[in-house]
Amino acid sequence: MSEVRYSQEHEWVKLEGDTATIGITHYAQEQLGDVVFVDLPEVGKKVEKGKELATVESVKAASEVYAPLSGEVVEVNSTLSETPATVNEDALGAGWFAKLKVSDKSQFGSLMDEAAYKKYVEGLH
Amino acid sequence: MSATESTETLKRTPLYDLHLEMGAKMVPFAGYEMPVQYPMGILTEHQHTRSGAGLFDVSHMGQIKLRGESYAQVAAALERLCPADFLGLAPGQQRYSFFTNNAGGILDDLMVTRAGNGDDRDYLIMVVNAAGKEQDLSHLQANLNNRCEVEPMFDRALLALQGPRAGAVMEKIAPESVTMKFMTGRPLNVGGTECFVTRSGYTGEDGFEISVAHDQVDNVARKLLGDMEVKPIGLGARDSLRLEAGLCLYGNDITETTTPVEASLVWAIQKRRREQGGFPGAGIVQRQLAEGATRKRVGILPEGKAPARAHTEIANEHGEVVGEVTSGGFGPTIGGPVAMGYVRSDLAAIGTKLQLMVRGKALPAKVAAMPFVPHRYHR
């Protein structure tokens, strides 16, 4: 069983057991434009909800990616260092950033579900 | 993810509707709503300009005419504010220059063309940066009004057609453009519209800048875009193209506190002016020419893949801070990060090892020759 939820900062989280896979949304990659570099955290790093998890760089600028949940980084998508454009091509799949061992699963419930996130993005225009 | 930009009262160029029609993403820039990219995206726009021909709307930039009783009078007047040799300009010749202040700092940079019929009634046309155009105009009026007429041409739009195919594209609608060499300008009929065209640009590629009346620019732009080889290019690619070409962005790489010697722009101060001075801050500039400056603008190639943006601290091998990046990002043609910035002069030699402090990490880098991508001008 897994479910995907979304943050206001345009990250997605897929929770399986107590492991959360995190990436940025399709809307986010569109806003960024061509991704040319992703700075990923070290495995073992403890991150807090709302704090910086990674940095994604487009041709234009660097943008922070925030941790939508607190936890410990257990895996990062190292293929992004060779092919950062995967973030543009498959933001919700192969373009994932990191996996966290989540410390407080209740935080997941406070994130938006797909319908709520869709509405939220529509409200930004 | 976070990115927000406020939109105050922004001005629009006459091509605003055309940009929207072409699906541009508009952003505030120097008080204007400008296209940062089109649906093709910055990377593809950049590559297209290096391989084909790209069209840029640079109508936000300021165009100013200086006219006087004789060409010599006009040229001598502008030499009071800029360190370039304008008296020595051949008819139709264009030159890069800058306004300096009394400390030898740079108030703005500009392109100046000798226009007219090649006689003593010739005048100068300059193109200045959008952000500085009102100040530049006041500066000229305050200092030159009794020596020549200062005529703003802010009702003129400006297009840049850039890339290795720019010459072939222009030839189709302006056959006389074939005789033009790099850094020259002339009146030219472009597809039925009277324009003033220079063979110059801000990408390192061959190309043209086309000055045309506001109410005619849409015609000219559509005619150029009607050519299959031409694609619209936004400010995003304009920045990555000029960075790879090693060209300065005013406000980042050159400012009121950087001198031409520090900025490695000595090539733009011709011999007579170096010797004679006679421009604001000449004493300081001449002293730096003789004794050297304490810092220098250099090209920097980070060794890894992480781009180092403007304001990144530069350290020497021992971790001591020796300067700052002023422009930096990803160079699509290079396929990796490129940057320029100021370092202590003893560390300015090509190949010198540096460290860039990016997000708390020291990333290895080296001083590198500019341009990063060779210029391909039509000389």
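Chain letters run A, B, ... following the sequence lines, proteins first, then strands; residues in each count from 1.
The candidate with the highest count of non-hydrogen atom pairs below 4.5 Å against chain A, out of B:Gly304, B:Pro332, B:Ser240, B:Ala306, is B:Ala306. The most heavy-atom pairs under 4.5 Å with chain A, out of B:Gly41, B:Gly236, B:Pro307, come from B:Pro307. Among B:Thr44, B:Leu43, B:Val358, B:Leu235, the residue with the largest count of heavy-atom pairs under 4.5 Å with chain A is B:Leu43.
Judged purely by atom type and a 3.5 angstrom limit, A:Lys60 has no side-chain atom pairing as donor or acceptor with the backbone of B:Ile42.
No more than 12 heavy atoms of other residues, nucleotides or ligands shown are found within 6.0 angstrom of NZ on B:Lys366. Heavy atoms from other residues, nucleotides or ligands lying under 6.0 Å from CD of A:Glu30 number more than 12. Atom CD of A:Glu42 is surrounded by 12 or fewer heavy atoms from other residues, nucleotides or ligands within 6.0 Å. The environment of NZ in A:Lys14 is sparse: at most 12 heavy-atom neighbours from other residues, nucleotides or ligands sit within 6.0 Å.
Applying a 4.5 Å heavy-atom cutoff, the residues of residues 81-98 of chain A that approach chain B are A:Ser81, A:Glu82.
The distance from the NE2 atom of B:His46 to the CG atom of A:Asp34 is 11.5 Å, given to the nearest 0.5 Å.
If you measure heavy-atom distances from B:Val36 to chain A, the contacts under 4.5 Å come from the side chain alone. Heavy atoms of A:Ser58 lying under 4.5 Å from chain B belong exclusively to its backbone.
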B:Arg359 and A:Glu57: CA distance, side-chain angles, deciding distance, salt bridge (charged side-chain N to carboxylate O under 4.0 Å, His left out) verdict: CA-CA 13 Å; B:Arg359 292 183 284 277; A:Glu57 303 232 13; 3.2 Å; yes

Do A:Asp39 and B:Lys361 pass the side chain to side chain contact (heavy atoms under 4.5 Å, CB included) test, and can you show the C-alpha distance, the side-chain angles, and the key distance before you say yes or no? CA-CA 11 Å; A:Asp39 199 2; B:Lys361 282 177 250 175; 3.1 Å; yes

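A:Val36 and B:Phe330 get closest at one heavy-atom pair: CG1-CD2, 3.3 Å.
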